[in-house]
J.: 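Attaching a single structure in structure tokens format; questions to follow.
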Amino acid sequence: NMVEGYVYTLFKEIMDITIKQPIQRMTYKDAMERFGTDKPDTRYGMEICDLSGIVKDCEFGVFKNAVEAGGSVRAINAKNSSGKLTRKEIDKLTEFIRGIGGKGIAWVRMNEGTVTSSFAKFMKQEEMDEILSVLEAEDGDVILIIADSNTSSVLSQLGSLRIETAKKLEIIPDGMYNFLWIVEMPFFEYDQDLGEWVAMHHEFTSPMDECLDYLETDKGNVRAKAFDLVLNGIEMCSGSIRITDPVLQGRIFSFLCFSEEEAKEKFGFWLEAFKYGAPPHGGIGLGFDRLVMVML
């Protein structure tokens, strides 16, 4: 409420722009599934669509193998873009994806009643029809598809591709300020290099109450009382409600590979302070330079 009131007043007094309140809230999971990023720009569409169920048994090895390996096949539909997204421009987008660690792009291009595709010869007509139907594809649209054995990679690549395509098509509107709260952030993330779970925000963030029962058993689904304010695809601030229970804080330290001795040595003053009744508290701070940048 405090931050919403601040940005509302700021934009009204300085720019005479009324920010819609309450500011929309979106869970981290929804943001990643729909936009491939935890700081989505909602001024334009091209939301991500999951095609895995449609293509899991198809004859196109790239799609089928990705799903069988536990990954997924997902797509965006660039509406009314076939005039600008020529084969040459799609090749440039493919190079863009390879430049950020991807393997490439599969595509369908619908232009003047003709449907061309990089993988049509491997698909049954009903499979292709279902892809077009799910994506609500019409003449003039271009569908861009990414498949990988790692769904996180698919989502992040499509998130970047969505932004790059929107810039190329010049469809990002000026003079629009879409604020968005991202809530229910993951508490843990798995560090492949360390081979262990680490705190995504920081180890003093409070887990959501309903997640306390499976802190030990299902770390990938533990959500935190953490929240980001996003404006036009840029993170403006990141905050959280903190842990004030010494027993819970000790549990978190143990998950993060702190021995009891290490926890006492590094954070003993903190754990001791809790015993005197630290009140519930949280923190958040706006990135003032970013806010000014967007307003200018």
J.: Just by distance, do the side chain of S52 and the backbone of V73 share a donor-acceptor pair under 3.5 Å?
T.: yes
J.: Ring pair (Phe, Tyr, Trp, His ring centres under 6.0 Å): which pairs involve residues 120-174, sequence neighbours left out?
T.: F60-F122
J.: Which class fits the ring pair F253 and F267: parallel under 30°, tilted 30 to 60°, perpendicular over 60°?
T.: parallel
J.: In the hydrophobic clustering (ILVMFWY, side-chain contacts below 4.5 Å, transitive), which residues join V198, or is it alone?
T.: L194
J.: Is it true that T18 and K12 share a donor-acceptor pair across their side chains at a distance under 3.5 Å?
T.: yes
J.: Output yes when a side-chain donor or acceptor of T9 lies under 3.5 Å from a complementary backbone atom of G5, and no otherwise.
T.: yes
J.: Flag yes if more than 12 heavy atoms outside N1 fall under 6.0 Å of its CG atom; otherwise flag no.
T.: no
J.: Could you pull out the closest heavy-atom pair between I234 and R290, with the gap in Å?
T.: CG2-CD, 4.2 Å
J.: Are the side chain of N111 and the backbone of G140 linked by a donor-acceptor contact shorter than 3.5 Å?
T.: no
J.: Using a strict threshold of under 4.0 Å (side-chain N to carboxylate O), is an ion pair present between E216 and R251?
T.: yes
J.: Check this for me: does any side-chain nitrogen of one of R74 and E33 sit under 4.0 Å from a carboxylate oxygen of the other?
T.: yes
J.: Just to verify, what does M176 make a side-chain contact (heavy atoms from CB on, under 4.5 Å) with, not counting sequence neighbours?
T.: R43, P173, N178
J.: Should K92 and E95 count as an ion pair when the cut-off is N to O under 4.0 Å?
T.: no
J.: Taking ring pair (Phe, Tyr, Trp, His ring centres under 6.0 Å) as the definition, give me every residue that meets it alongside Y214, ordered by chain and number, with sequence neighbours left out.
T.: none
J.: Centre of Y44's six-membered ring, under 6.0 Å away, within 45 degrees of the axis: is that where NZ or CZ of R162 sits?
T.: yes
J.: Which heavy atom of V7 sits nearest a heavy atom of L229, and at what distance?
T.: CG1-CD2, 4.4 Å
J.: Quick check against the 3.5 Å criterion: does N77 have a side-chain atom that pairs as donor or acceptor with the backbone of L135?
T.: yes
J.: Spell out, as yes or no, whether a donor-acceptor pair under 3.5 Å connects the side chain of Q249 to the backbone of E203.
T.: yes
J.: Check R109, K168, K84 against E89 for a salt bridge (charged side-chain N to carboxylate O under 4.0 Å, His left out) and give me the one that passes.
T.: K168
J.: Would a 4.5 Å heavy-atom cut-off, applied to side chains only, mark E261 and E265 as touching?
T.: no
J.: Run the side chain to side chain donor-acceptor pair (under 3.5 Å) check on N232 and D41 step by step: do they pass?
T.: CA-CA 5 Å; N232 295 354; D41 189 339; 5.8 Å; no
J.: Got a sec, which pairs hit salt bridge (Lys or Arg N to Asp or Glu O under 4.0 Å) with one end in residues 233-245, sequence neighbours left out?
T.: none
J.: Considering only residues two or more places apart or on different chains, which pairs with a residue in residues 147-157 satisfy side-chain hydrogen bond (donor to acceptor under 3.5 Å, both in side chains)?
T.: S72-T151
J.: Mind checking whether F119 and W107 have ring centres under 6.0 Å apart?
T.: no
